[in-house]
Amino acid sequence: MLEIVAVVGFVVILAAVQVKRTRNRNELERHSISPEDLHNLLASHQDVALFDVRLPLDMLSRSVVIPGAMRLAPEEVVANPSLIPSDRDSIVYCTCPSDKTSRTVLLRARSKGILRIRFLKGGLAGWISSGFPVEPYDKPFHLSQSKDALAT
């Protein structure tokens, strides 16, 4: 009898964890934008701030940005979310699998009351694979930043 109670308890805990993960994922998806939708938004000349929040090594391997994007080091944004404007729509993008850096920046900004922010689903790779333009990025940046600095 004790084993049955333990197994049922374990199954209930696993189900609760899965429900929470699914709910969190769905919440994040509501704050994403597809490359196509971003392209249309930019083409319509809407007042939107676009931020490249890729890690420095990603910048070395692919030194291009989406036209009009401003480069912000992800750990700077996590430390100071007010770098993202709160009075207009903002989009962040990275090149991480599952958009991890963009999601981290998004969650940190939202936790500080910056609600008009979304992340580009698929990041720069998704933008490029959709055939949309990029431009060279030739401004200096520091390589001393690390993924560990993004832990919040």
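All residue numbers refer to positions in the sequence shown, counting from 1.
Side chain of Y93 to main chain of I66: a donor-acceptor pair is present (N/O by atom type, distance under 3.5 Å, no hydrogens or angles). A distance-only check finds a donor-acceptor pair linking the side chain of S102 to the backbone of C94 [under 3.5 Å]. Between the side chain of R116 and the main chain of D87, a donor-acceptor pair closer than 3.5 Å is present. Listed for the R54 side chain is a donor-acceptor partner under 3.5 Å among the backbone atoms of R62.
L124 places a side-chain heavy atom less than 4.5 Å from the side chain of V134. Side-chain contact between P74 and L55 is present, with at least one heavy-atom pair separated by less than 4.5 Å.
Taking the six-membered ring where the residue is Trp, H39 and F132 present parallel rings, their angle staying beneath 30° rather than reaching 60°.
Applying the side chain to side chain donor-acceptor pair (under 3.5 Å) test to residues at least two apart or on different chains, the pairs with a partner in residues 77-86 are N80-S82.
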| message | Between R88 and V48, is the side-chain contact (heavy atoms from CB on, under 4.5 Å) condition met? List the steps. | response | CA-CA 6 Å; R88 65 183 183 150; V48 62; over 6 Å; no

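Residue K121 comes nearest to S32 through the heavy atom pair CD-OG, 4.2 Å, listed as atom of the first residue, atom of the second, then distance. Annotation for I117 and H31: closest pair O-CB, 4.2 Å, computed over non-hydrogen atoms. Closest heavy-atom contact between W127 and P35: CZ3-O, 3.6 Å. S90 and I84 get closest at one heavy-atom pair: OG-CG2, 3.6 Å. In terms of heavy-atom proximity, L50 sits nearest to P67 at CD2-O, 4.0 Å.
To the nearest 0.5 angstrom, D37 atom CG is 10.0 Å from L120 atom CG. Distance check, rounded to the nearest 0.5 Å: CD1 of I91 to CG of D52 gives 13.5 Å. Put simply, CG on D47 and CG on L41 are 10.0 Å apart, with the number rounded to the nearest 0.5 Å. In this structure, CE on M1 lies 6.5 Å from CD1 on I4, to the nearest 0.5 angstrom. Here L83 contributes atom CG and M70 contributes atom CE; the two are 7.5 Å apart, rounded to the nearest 0.5 Å. For the atom pair CD (Q46) and CG (N40), the distance works out to 11.0 Å, reported to the nearest 0.5 Å.
More than 12 non-hydrogen atoms from other residues, nucleotides or ligands lie less than 6.0 angstrom from CG of L115.
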